[in-house]
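For reference, the structure is listed below as structure tokens.
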Amino acid sequence: MPSELRMIPLLPLLSAAYLILFGRRHSRESVHRIACLAVGAAFLVSADVFFFWFPILYQSNGLTDLVGTWLASGDLQVDLALRMDALSGLMCLMVTFVGTLIHIYSTGYLAHEQDYARFFAYLNLFCGAMLLLVLGDSLPVMFVGWEGVGLCSYLLIGFWYGEAANASAGKKAFITNRVGDLGFLIGMFLLFRAVGTLDIPVLVDTARAGSPSLTAALWWGQPVAFWAALFLFMGAVGKSAQIPLYVWLPDAMAGPTPVSALIHAATMVTAGVYMVARLGALYLLAPVALAIVAGVGALTALFAAVIALGQNDFKKVLAYSTISQLGFMFVGVGTGNFAGGIFHLFTHAFFKAGLFLCAGSVMHAMAGSGDITRMGGLAQKLPFTTWVFRVCWLAICGVPIFSGFFSKDAIVAGAFATEVFGPRLHWVGPTLGAGLLVAALGTAFYMSRLYCLVFTGECRADLDTRAHLHESPFAMVGPLLVLGLGALLAGVMGLPPALSRSHGDLIGRWLATALGRQPEVSRALQWRVMATSALIALAGIGLAWRFFGGGVREPARRFTAAWPHFTAAVRGKFFIDEIYDWLVVRPLRGLSRVFFLVVDRILIDKLLVGGWTVLVDTAGRLLRLVQVGDVQRYLAIFAIGLAALVYVMARPVAPSEVKVRIEGRSATVDLTEGKAAVDKLEYGFDFDGDGREDRVGAAANANWLYPRPGHYQLRIRIKDPRWNTSRTIARTIDIP
Amino acid sequence: MNLAAHSASMAETIVFAILSAGVLVGGLLTVTRRNPVSAVMCLVLTFAALAGLFATLSAHFLAVLQILVYAGAVMVLFIFVVMMVNREESTPIARQGLVTRAAGVLAAGYVFYRVAWLVSHERTLPLLAASATPPVKDFGTVSAVGALLFADFLFPFEAISLLLLLAVVGGVMLTRHVREDHSSRVS
Amino acid sequence: MPTYAYILVSLALFFVGAAGVLLRRNVLIVLMSVEMQLAAGTLALLSFSRALGDQKGHVFAFFVMALAAAEAAVGLAIVVSVFRTRRTASLDEVNGLKG
Amino acid sequence: MTIAAAQIVALSPLLMITGVGCLALLLDTMAKGRAPALWLAQLGCVAALLAVANQWMGSGSSQPIWSGMLIVDRMALFLDGVLIIAALATLLVAAPFMREHEFEHGEHYALVLFATAGGMTVVHATHLLSLLIGIETMSLAAYLLVASWRRQPAGAEGALKYLLLGAFAAGFLVYGTALVYGTTGGEMSYAGIAARAARAADNPLFIMGAYFLLTGMLFKIAAVPFHMWAPDAYEGAPTPVTGLMASGIKVAAVGGLVRLLGSAFANPGLALGHAGWVRVLGGIAFATMTWGNLAALRQENVKRMLAYSSIAHAGYLMIGLVALGQKVDGAQPALLVYLAAYAATTLGVFTVVAWVGRRDDERLLIRDWAGMARTRPAVALAMTVLLLSLAGVPPTGGFFGKFYVFRAAMQSPDLAWLVVAAVLNSLVSVYYYLRIVVAMYFRDPVRPWQPFPSVGMAIVLFVTVVVVLALGVVPRPVVELAAGGLVTHW
């Protein structure tokens with residue numbers, strides 16, 4: 001088995017270490033040469049392994065590179081092993097390829113940056129961590145990469161720490177991610193307890209075999225698989241920015257744009273989707289968990305799309321669009337259509353990285369500003385950027401022949417056709433599919449709005465900026481063109497079988513061994529979905545064009561450009577515009593504002609994140625008050641603590657259950673169940689609440705015949721004679 | 001029970017009562033004295049009475065040690081320090097935080113009550129009811145305890161010398177005249 | 001006298017010591033109270049020792065005594081150094097560190 | 001009793017540390033300057049480490065020696081190693097620190113060694129008497145070390161608080177011993193207590209005695225609510241001493257608790273059930289980590305924040321103790337690994353704290369650390385790694401230790417809540433650790449700053465960072481060493 005697998009994450013990691021330690025001594029050229037070469041070499045190695053072992057990757061469950069036993073003690077053995085199979089190979093290629101492009105792009109984008117070496121070191125570190133995440137053969141190894149990308153994200157978001165907001169955005173990202181990691185860890189422990197190993201292939205095999213260790217009920221009647229899947233998904237929610245932990249991603253746009261492209265669009269945030277796909281067999285054991293995954297995904301897709309409608313910052317729009325697209329991917333994996341989810345992940349990596357890099361190029365030209373209301377008409381000034389943006393825009397909108405069209409359709413069709421939820425939840429799939437179609441409409445609309453406001457019409461920027469406008473250097477444009485090409489062509493990998501029987505669904509077939517059974521989609525359904533979504537994409541674009549084509553500020557010119565025949569009907573145009581404005585635009589904008597303000601800023605930021613912080617903070621302040629500095633009060637707390645300990649210890653055990661059985665006028669009270677091992681207790685029963693104990697003794701049960709019906713107070717005194725302590729339990733008894 | 005035994009036990013009870021009264025009254029006086037010098041004197045009383053109690057428990061060696069070490073050496077040390085740092089204080093108990101500290105005393109009292117209740121509850125058990133000097137030759141004498149000390153307890157005996165050494169060394173370090181602290185920032 | 005009587009006396013002494021530690025303002029008296037607590041432990045050990053006819057308690061008591069002496073020495077040294085820096089032996093005035 | 005040579009050899013690390021401490025004292029009075037004593041002390045540590053290694057190779061007996069006072073087993077040797085390394089690191093850091101702050105005492109070095117010797121006695125102890133003497137040796141040396149910075153009023157104050165609370169706790173330790181001694185019919189050795197525990201566990205007086213002992217020990221590891229001394233003593237102490245207290249002394253106290261609970265009080269009648277220490281410790285563990293983390297959030301003083309962080313870590317450690325009480329496989333090695341990782345991390349962190357302060361500019365507030373990454377990137381990076389280790393972020397030793405302990409605890413279904421609480425807690429802790437990182441990386445320097453040059457500190461820092469990272473990346477050797485500690489006779 002190839003030991004060059006370990007080179008793939010190691011190359012960027014070593015380069016990162018070198019740059020952190022000695023980067024400051026090198027010139028800018030040698031810094032970026034080292035960084036780009038490291039990632040480029042990682043790409044070449046992965047491509048080499050991938051294509052050399054192509055058949056093996058396809059047919060078996062892949063190649064393993066056992067670096068060594070990471071830790072072994074007693075029952076726990078974790079190998080530091082890397083595995084390339086069909087899925088991780090694909091991811092690996094994608095990460096290194098996009099990563100290399102972004103490295104090259106950064107050399108141009110950050111040409112004026114002071115801390116050049118630090119930036120590239122972090123970027124390399126990030127790639128290394130991501131590759132470790134992808135290639136890791138066991139959950140702990142994966143988790144190291146998982147945390148590593150979180151850390152790099154923190155470092156890179158806060159890269160421009162001059163502004164306080166950036167530093168706190170970084171902190172927010174890190175802490176939100178840690179909330180998810182908590183779930184990941186617990187899920188991992190649960191799996192370990194159930195299966196006894198953390199090797200992913202073994203876990204997958206165990207899950208595929210439907211082993212009772214995973215299907216046994218754990219808590220509240222749900223099986224182990226459900227809980228493990230749910231907790232792991234919590235990790236995915238954090239990393240992939242889904243509801244309710246998505247808050248960090250929009251704020252994370254504070255970092256340099258290449259970072260947003262690499263981390264917050266193409267790679268890191270996809271980790272959650274990748275993880276769910278990787279452990280797909282586990283999720284298939286728990287349909288309810290799958291439904292939760294898909295449901296959260298669909299909700300996020302819709303919700304983020306609505307918020308994106310109202311954003312005026314270039315990168316914020318893209319950030320919410322990323323969240324929304326990740327929602328699509330989760331619906332894919334959540335409906336058992338893992339290949340579909342991965343396919344969309346793949347195409348999304350190209351077009352979203354392209355979009356972000358375009359954003360970087362535009363902001364580069366606009367002297368760093370990302371305010372789209374101050375843009376417009378940039379198509380002439382930035383020809384290459386515009387073309388790439390057009391391709392990526394059409395791809396994300398889902399216009400036929402562009403890659404996004406096919407991958408989105410694969411998810412939607414999969415959702416309609418899925419049977420993983422079983423007969424009881426069969427309605428979930430179609431509902432999700434319908435939801436996604438609405439989200440797709442929103443996507444087409446807001447992306448087109450973005451396009452129109454930025455590239456069409458007149459430039460609304462001030463004169464200074466306008467004079468400064470220029471196309472970016474080749475180092476930035478080159479990667480853009482490559483990504484644009486990818487956004488255009490990546491769909492070939494997953495053409496629907498309905499279109500091409502021989503070359504259809506390449507990716508699904510490629511991933512079949514790694515991911516297992518996928519939902520069968522009938523040809524008719526494929527056609528239907530393709531037609532509907534094409535229509536939806538066009539409708540979204542058309543609608544946006546009517547509102548924003550050429551810029552929203554000049555409704556007259558917009559209408560002239562769109563419908564020259566109607567130029568005469570000035571009144572009617574005004575009227576229609578008002579109607580649109582009142583009926584559609586304002587409600588939509590208002591809705592998105594409401595969503596954004598109420599849900600995002602108040603509910604999540606203030607209550608969930610903020611409120612929690614306030615609580616913790618207050619507790620912190622209170623605890624500081626306890627530490628008054630007076631040693632005798634410390635001693636008093638010592639004594640009080642000891643007394644509390646003795647009190648708790650000396651008190652008799654509370655019975656876990658007080659059983660009262662009433663038959664006619666006779667009541668039987670039984671404390672035997674749940675009684676602790678202490679059997680030297682004495683019990684006193686006062687049945688009628690007269691203060692006199694009616695039954696006293698070592699027996700933990702007693703019965704009493706009430707003379708007449710009524711409402712009685714039952715008091716049970718449990719006494720521990722060894723300690724001379726007692727506790728009293730009160731109940732009321734109704735004798736009919 | 002014959003008369004002699006009875007009067008012996010009577011005498012024993014009286015001795016015990018006097019000594020324990022000495023211990024407790026001495027203790028109470030110690031913690032209530034305003035002047036630390038009087039407190040030290042009361043503590044000497046406590047420890048002397050305690051030595052007496054040790055003697056009634058046939059712990060002769062320890063009784064002697066108690067007088068020598070505590071009532072002697074340690075108390076002298078205390079007196080020295082009292083002379084050094086003593087300031088007559090008007091309020092023996094600080095007002096601030098009194099509630100917390102009183103709660104602490106109550107808590108300590110609760111723990112004390114629990115243990116005391118257990119002891120008196122179990123007073124009929126052989127362990128707690130035993131009263132006669134145990135039938136071991138030389139019980140509690142220097143030779144008997146010393147033999148044990150140099151046999152089974154040799155390691156702690158060596159180890160405690162380290163403890164005493166470091167107490168001395170540390171005491172010297174902290175209290176010796178400032179030699180190498182050149183700066184005189186101490187006000 | 002029966003052992004429990006001794007134990008009760010030792011408990012009472014322990015409590016008196018604890019109360020002194022908790023309440024008194026003068027750090028020297030607090031240290032004396034601590035010594036009292038240790039002495040109470042010694043008394044309990046010796047009582048059990050006699051009841052069991054076992055002299056290990058005596059040896060332990062011996063060590064406790066040495067330990068108490070060492071603790072007193074160190075405690076007094078620290079009191080002296082506190083007094084040097086702060087000119088006070090009142091515990092309620094030694095509260096610069098807090099929070 | 002005749003002293004067999006084997007018994008002396010078995011204790012050679014302890015004897016070396018003690019002997020070198022005494023020699024250093026002597027040398028200090030005779031030689032000119034402080035350097036000879038320091039060198040001797042450091043050499044002694046190295047020699048003691050070699051002796052530990054020698055014992056490790058040849059160990060196999062793990063029978064109690066010295067009439068059941070002590071045991072030399074792999075667990076004790078493992079912890080000996082950690083303690084000696086902590087002492088060595090403290091010496092390396094303390095010397096330049098004291099020179100910079102002008103309070104050099106030759107006794108200081110000897111006291112560090114004596115504290116270590118006390119700690120080693122604690123981890124070897126199989127008898128309540130050797131435990132008590134070990135604890136007190138360690139504590140008295142620590143009180144004195146805290147007070148050793150005589151110019152600093154905070155030092156004496158911290159020492160006084162530490163001493164008073166410590167003496168109070170010692171009172172309980174002694175009284176607890178008396179009760180256990182009486183109710184077990186004259187037993188003081190762990191094996192003897194364990195043999196009688198089944199019968200004695202019926203006697204509330206015995207349980208009371210056991211809890212008094214437990215309280216005395218919990219005080220030493222700064223468990224809530226017996227932790228109140230820790231922030232003040234940590235803040236008041238000279239920084240290298242704080243490092244020693246947070247690493248060496250905590251390690252020794254936890255080691256002592258592992259042995260005490262694992263052997264003397266391991267009886268199910270005492271450990272489990274309603275009044276069992278497992279349940280009680282579980283509650284205390286929860287209170288400890290939560291209190292520590294919450295109180296750390298609002299701290300502005302780095303040392304104080306780290307003191308609370310060390311309280312929180314005591315809570316995590318106690319989860320391991322609880323798992324031990326539940327007889328979970330692997331709880332003990334997990335604890336040992338955690339201790340090793342934690343000790344290395346803490347030593348490194350306090351080295352940085354000691355390093356950044358100058359004579360007239362202590363730089364103990366977080367805002368004083370602003371912009372450190374710009375002037376001293378290597379130190380800032382090291383500090384970041386160490387803080388991430390404290391927060392439990394992979395791939396650091398701190399993460400791995402937590403992972404290992406939590407995994408052990410998860411084996412027992414009753415402890416799931418505790419693990420969840422601990423993970424949540426470590427989440428909270430990220431916040432305050434990041435405050436330092438944010439200050440170092442994302443803030444502009446407030447005033448010019450230059451740490452004093454010190455080879456010793458650089459070495460300690462480098463080694464601890466390497467160890468912390470190595471423990472996260474290739475923990476296997478240490479895990480195996482810790483598991484080797486399993487070969488014991490409790």
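- Of the atoms belonging to A/L185, it is side-chain heavy atoms, and not backbone ones, that fall under 4.5 Å from chain D.
- Heavy-atom distances place the side chain of D/Y308, and not its backbone, under 4.5 Å from chain A.
- The distance between the ring centers of A/F184 and A/F143 falls below 6.0 angstrom.
- Looking at A/R621, the atoms closer than 4.5 Å to chain D (heavy atoms on both sides) sit in the backbone and in the side chain alike.
- A/Y634 and D/H227 form no side-chain donor-acceptor contact under 3.5 Å, judged by distance and modelled atom types alone.
- When heavy atoms are compared at a cutoff of 4.5 Å, A/L622 does not approach chain D at all.
- For D/P377, the part lying near chain A is the side chain, with the backbone staying farther off; criterion is any non-hydrogen pair under 4.5 Å.
- Between the side chains of A/Y154 and A/N177, no donor-acceptor pair is found at a separation under 3.5 Å.
- For D/V474, the part lying near chain A is the backbone, with the side chain staying farther off; criterion is any non-hydrogen pair under 4.5 Å.
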Solution key, residues 638-655 of chain A side-chain donor-acceptor pairs under 3.5 Å, sequence neighbours excluded:
from: A/Y647; atom 1: OH; to: A/R651; atom 2: NH1; distance (Å): 3.3

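- In this structure, chain A has a heavy atom under 4.5 Å from the side chain of D/I284, while its backbone stays farther away.
- Proximity to chain A is absent for every atom of D/L272, based on heavy atoms less than 4.5 angstrom apart.
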Output a table of donor-acceptor pairs, distance under 3.5 Å, between side-chain atoms of residues 158-166 of chain D and any protein atom two or more places apart or on a different chain; print 'none' if there are none.
from: D/K161; atom 1: NZ; to: A/G629; atom 2: O; distance (Å): 2.7
from: D/K161; atom 1: NZ; to: C/L97; atom 2: O; distance (Å): 3.1
from: D/K161; atom 1: NZ; to: D/E157; atom 2: OE2; distance (Å): 2.8
from: D/K161; atom 1: NZ; to: D/D232; atom 2: OD2; distance (Å): 2.9

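- Both the backbone and the side chain of D/D202 come within less than 4.5 Å of a heavy atom in chain A.
- With a 4.5 angstrom heavy-atom cutoff, D/T384 does not touch chain A via any of its atoms.
- In this structure, no portion of D/A378 lies under 4.5 Å from any heavy atom of chain A.
- Both the backbone and the side chain of D/L434 come within contact range of chain A, with heavy atoms under 4.5 Å apart.
- Heavy-atom pairs under 4.5 Å with chain D peak, among A/L182, A/D181, A/I186, at A/L182.
- Interface remark: D/V473 contributes backbone atoms only to the contact with chain A (heavy atom separation under 4.5 Å).
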